[in-house]
2 protein chains.
Amino acid sequence: MSTTVEKLLDQAESEIRERGYHAVSFRDLAASLGIKSASVHYYFRQKEDLGIALVKRYGEQFFNILEEKAEELDNPLQAVIDVYRNALTSSDRICLCGMLGAEGCGIPKTLSDEVAAFFQANIDWIAETLPKTISAAERKRQAEHCIATLQGAMMLATSLNDHKVFDRAAKSLLK
Amino acid sequence: MSTTVEKLLDQAESEIRERGYHAVSFRDLAASLGIKSASVHYYFRQKEDLGIALVKRYGEQFFNILEEKAEELDNPLQAVIDVYRNALTSSDRICLCGMLGAEGCGIPKTLSDEVAAFFQANIDWIAETLPKTISAAERKRQAEHCIATLQGAMMLATSLNDHKVFDRAAKSLLK
DNA sequence: GTCTATAACTCGATAGAC
DNA sequence: GTCTATCGAGTTATAGAC
C-alpha cells in the first residue's frame, strides 16, 4: 500500500524517464492512477513543483542505495556502477537526471538547477572515495569521466535496445 | 544565402538540440524564419518527416567532418573526440542524437530507429579504426565506451554549464 | 481529497485562396 | 511557395461544489 502522492511520484518518474518532461501530462498521470488531473494539482500546484519533488526524491534514494552498496562491496567505484546498472535494468529507463539534464533549458530553471546539484553531488561522492594518493584535481577528473560514461551508457543502451551495451561500456571504468 | 529548407533545418536542429523534440513547435520554428507554420508543413508534411530529415543530415555532416578530421590528424580516436568537442562548444548544445536518444520511445519509432543507426555507425567506425591486434569484440567494447563517454560528457557539461567538464571526461579516452 | 467544469492557451495538421 | 483561417485535440491551471 502506498499513498496517492507516492503513486503519483512513481508514475511521473517512470513516464518522465521514459519519454521526457514535456511528453508527460497531468491528465495522463491522473488517468494512470484512476483520478482526475485536478487532483494532481492538489498535491503539486504546478508541474514544476512535481518535477522538483521528483529530482529531490530521486537523489535521496540514489545516495541511500549507493551508501548501502558501497559498504556491502567495499569498492566504491563498483558500487556506483552497480547502482547505475540497476537503475537501468530494473526499469529499462535512463536516469531521471540524465533525461532532465539533456532537456537542458527546455525545463524550468529551478528544476535544471536541482539536476545539476545531483550531478555535482555524484561527482563529489566518487572523487572523495578515490585513493588520496591521487591529486584532488585528478580525482575530480576521473569522477567526471565515470559519471559521463555511465550516463551516456544508459542512453546508448536504451537507444540500441541492449542492456549489454551498458555493461561493456562501463567495464572500462574498472581498468 | 541559404534556402528556406536549409534555414528550417538549421533552426530546428538548434532548437531540438537545446530543448528536445517535444519542446519545439512548427509555429515557433516558422516565427524564427519570419514565415507561417503552414509553410513549414509545405516542406515537411509531418513533424516526424522533419525529424528524420534532421537526423539524416546530421549523420551525413558528422561523418563527413569526421573523415576529414581523421585524415588530418592521423589519430582516429582524437578525431572523434575533436568532432564531438566542436559539436558541443560551437553551439553549447548536446548532440542531436543524444537528445533524441534520451527521449527514447517518446518520439516516433521511425525517428528513434534512425537515431539508433547513427549510434551503431558511430560505434562501427571507431571499432574499425582501432588496432587490429585487439580482438573484434574488444574493439567493439572500447568503441561503445568511447561513444557513451562522449555523449554523457556533452550532457554533463551542458547541465553543469562548463565545457571543461567535457574535456576532462574525454581525456581518459586517450589513456 | 476528489470531483466537474472551464478558462486560456498551444499543438499538429489541413483546406483553399493567391 | 506562402498565406489566412480553422479544426480538433492537447496542454497547464483554477474555481468552486461535494
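Each chain gets a letter, A, B and so on, in the order its sequence line appears, and its residues count up from 1.
For Leu29(B) and dA13(C), the CG to C1' distance is 15 Å, given to the nearest whole Å. Following rounding to the nearest Å, Ile107(B) (CD1) and dC11(C) (C1') show an atom-to-atom distance of 18 Å. One atom, CZ of Arg27(B), and another, P of dG10(D), lie 16 Å apart when rounded to the nearest Å. In this structure, Lys36(B) atom NZ and dG12(C) atom C1' are separated by 16 Å, rounded to whole Å. Residue Tyr21(B) contributes atom OH, which lies 12 Å from atom C1' of dC11(C) at whole-angstrom precision. Rounded to whole Å, atom C1' of dT10(C) lies 12 Å from atom NZ of Lys47(B). Spacing between atom CZ of Phe44(A) and atom C1' of dT14(D) amounts to 18 Å, rounded to whole angstrom units. Put simply, NE2 on His41(B) is 14 Å from C1' on dC3(D), counting in whole angstrom units.
Residue Ser37(B) places no side-chain N or O under 4.0 Å from the OP1 or OP2 atom of dT10(C). Note on Tyr42(A): every side-chain N or O is 4.0 Å or more away from OP1 and OP2 of dT2(C). For dT2(C), the OP1/OP2 oxygens have a side-chain nitrogen or oxygen of Thr4(A) closer than 4.0 Å. Taking 4.0 angstrom as the limit, Ser39(B) places a side-chain polar atom (N or O) nearer than this to OP1 or OP2 of dC3(D).
In terms of hydrophobic clustering, with Ile, Leu, Val, Met, Phe, Trp and Tyr side chains grouped at heavy-atom distances under 4.5 Å, Leu150(B) and Leu73(B) are assigned to different clusters.
Phe26(B) comes within 4.0 angstrom of sugar-phosphate atoms only, judged by non-hydrogen atoms across all strands, and of no base. The residue Val24(B) sits close only to the backbone: its heavy atoms come under 4.0 Å of sugar-phosphate atoms, none of a base. Backbone-only engagement by Arg45(B) is indicated by non-hydrogen atom pairs under 4.0 Å involving sugar-phosphate atoms exclusively.
A salt bridge does not link Lys56(B) with Glu60(B): every distance from a Lys NZ or Arg NE/NH1/NH2 to an Asp or Glu carboxylate oxygen is 4.0 Å or more. Salt bridge annotation for Asp10(A)-Arg57(A): present, with a cationic side-chain nitrogen under 4.0 angstrom from a carboxylate oxygen.
Ranking dC11(C), dT2(C), dC3(D) by closeness to the Ser25(B) side chain, first place goes to dC11(C). You'll find that the side chain of Tyr43(A) is closest to dG1(C), out of dC3(C), dT12(D), dG1(C).
Of the possible polar contacts, one joining the Arg93(A) side chain to the Ser91(A) backbone as a donor-acceptor pair under 3.5 Å is found.
Nearer the 5' end of DNA chain C, as judged by each residue's closest nucleotide, is the contact made by Ala38(A), out of Ala38(A) and Gln46(B).
Atom NE2 of His163(B) and atom CG of Leu88(B) lie 4.5 Å apart (nearest 0.5 Å).
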